[in-house]
Colleague: 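Handing you a structure now.
To find a chain, count down the sequence lines: A is the first, B the second, and so on, and within it residues start at 1.
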Protein chains: 2
Amino acid sequence: MGRAGQRVTRQKKLILEILRSTNTHPTADWVYEQARKQLPDISLGTVYRNLSVLKGAGEIMELSYGSTFSRYDGNPHNHYHFVCEKCGRVLDVALPVRTELEEELALKEAHLVRSHRLEFYGVCRDCLEADRAK
Amino acid sequence: MGRAGQRVTRQKKLILEILRSTNTHPTADWVYEQARKQLPDISLGTVYRNLSVLKGAGEIMELSYGSTFSRYDGNPHNHYHFVCEKCGRVLDVALPVRTELEEELALKEAHLVRSHRLEFYGVCRDCLEADRAK
DNA sequence: ATATCTGCAAATGGTTTGCGGAGGA
DNA sequence: TCCTCCGCAAACCATTTGCAGATAT
C-alpha cells in the first residue's frame, strides 16, 4: 500500500484484514458478507474493485480453479493448494515451492519463466475420516 | 465414446476432431468458428454441451486459468502448460509429469491425492525473439 | 482543493438451459 | 420406434462499469 495515487480507505483496509485473518480462501461474496458486519453499506462492486487493486499491488492472490468463481488468498507468497473434490474446500499445502522447476523449463524451452502454480486434487483428510466413521 | 446412452453425432465427432488436430488449446468460441466451416448450422450451445460431455468422458481436458473463459485441450493425459503473459498463448511443456509430488503430499498430510495440475507463467520464446529484433 | 474512491444499479459476456423438433441406434 | 441430441433463444450469474456524490490527502 502507499503506492502513488492509491488512497487508504476504510473499505480497502477492512477487505485486506478479512482476507488476512482467514485461511479458507474465500469467495468475493463471502468477503462481502463479512465486510458488511463492519461497514453495512459497503457494496459488492467495491469489494470486487478492491480485490482487484490489492491483487495488482501484490498484497493478495486470486485463485481461479475449475469453478465458475474465484477465491482469494491473503497470503501473496507462492504456495501450493489442495482442492477437496468432496467438500469443496481449498487447503494450503505444506510442500516447499519447487523453483527449480522454473529453471528446468527455462533451460529446456528458452522461455522466460516468471512463476508457476501447482494445485492438487483429491479427497481431504477430514472427508476420508468422515467416510470411515460411517 | 460408445458409453451407454451416448450417441455419436456428426457434431460431437467434429468437435473432437478439431480439438485433436490442434495444439493451441482453443476457446469454445474458436472451436465453434472452426466447426461452422463443416456444419454451418451448428450452434454455440451444442459446442458447449459436447465439450462438457467429452470432458466428462475423459476425452479432453478443460483448462481454466486466470482468464474469464476456458480453453480446451484435445490431449487428456496429464501434462503441464506454459502461459505467455505477452501473447496470451498456452503452450505445452515438455517436462515429465511429477507423480511423486502427489505421493509426497499424501504422505505428509494424509489426504487422498488423485491428481495435480501445474502451470508456468512468463514470456514465451517467440515474444522474447520479437523483442530482441526491435 | 481535487483526484480517487464509493454506492448504486445497469451492463457485460462466457456459459447454461428449456423447448419442440431432428436424427442416431 | 424411441430416446438422445440439436438449434434457437432466453436465462444465468459472477464480475465489471458508468455515474454522481463522498472522502482521503
Colleague: Roughly, in whole Å, what's the span from CD in A/Gln11 to P in C/dT6?
Modeller: 5 Å
Colleague: Nearest whole angstrom, please: distance from the C1' of C/dT4 to the CZ of A/Arg10.
Modeller: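 The distance from CZ of A/Arg10 to C1' of C/dT4 comes to 14 Å, rounded to the nearest Å.
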Colleague: Out of C/dG7, D/dC6, C/dC5, which nucleotide sits closest to the side chain of B/Thr46?
Modeller: D/dC6
Colleague: What's the closest nucleotide to the side chain of A/Arg7 if the choices are D/dT15, D/dT25, C/dT6?
Modeller: D/dT25
Colleague: Should the pair A/Glu104-B/Arg98 be classified as a salt bridge under the 4.0 Å nitrogen-to-oxygen rule?
Modeller: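 Salt bridge flag = yes for B/Arg98 with A/Glu104.
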Colleague: When all nucleic acid strands are considered with a 4.0 Å heavy-atom cut-off, which category describes A/Ser70: base, sugar-phosphate, or nothing?
Modeller: sugar-phosphate
Colleague: Whole angstroms only, please: what is the OH-P distance between A/Tyr32 and D/dT15?
Modeller: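 So the OH-P distance, A/Tyr32 to D/dT15, works out to 14 Å.
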Colleague: Provide, to the nearest angstrom, the distance between the CG atom belonging to B/Leu39 and the P atom belonging to D/dC8.
Modeller: 12 Å
Colleague: How long is the line joining CD1 of A/Ile15 and P of C/dT6, in whole Å?
Modeller: 7 Å
Colleague: Nearest whole Å is fine: how far is D/dG7 P from B/Arg49 CZ?
Modeller: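 The distance from CZ of B/Arg49 to P of D/dG7 comes to 8 Å, rounded to the nearest Å.
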Colleague: Step by step, would you call B/Glu62 with B/Ser70 a side-chain hydrogen bond (donor to acceptor under 3.5 Å, both in side chains)?
Modeller: CA-CA 7 Å; B/Glu62 181 178 2; B/Ser70 283; 2.6 Å; yes
Colleague: Which of these nucleotides, C/dT15, C/dT6, D/dA24, is closest to any side-chain atom of A/Asn50?
Modeller: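 From the listed options, C/dT6 comes nearest.
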Colleague: Round to the nearest Å and state the distance from B/Leu51 atom CG to D/dC5 atom C1'.
Modeller: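 The distance from CG of B/Leu51 to C1' of D/dC5 comes to 15 Å, rounded to the nearest Å.
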Colleague: Quick check on DNA chain C: between B/Phe69 and B/Thr9, whose nearest nucleotide comes earlier from the 5' end?
Modeller: B/Phe69
Colleague: Please work out which of the three classes, parallel, tilted or perpendicular, describes the rings of A/His111 and B/Phe82, given edges at 30° and 60°.
Modeller: parallel
Colleague: Please tell me whether A/Val113 and B/Leu95 are part of a single hydrophobic cluster in this structure, the criterion being side-chain heavy atoms less than 4.5 Å apart.
Modeller: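 Yes, same cluster.
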Colleague: If I take atom CD in residue B/Glu62 and atom C1' in nucleotide C/dG14, what distance separates them, rounded to the nearest angstrom?
Modeller: 11 Å
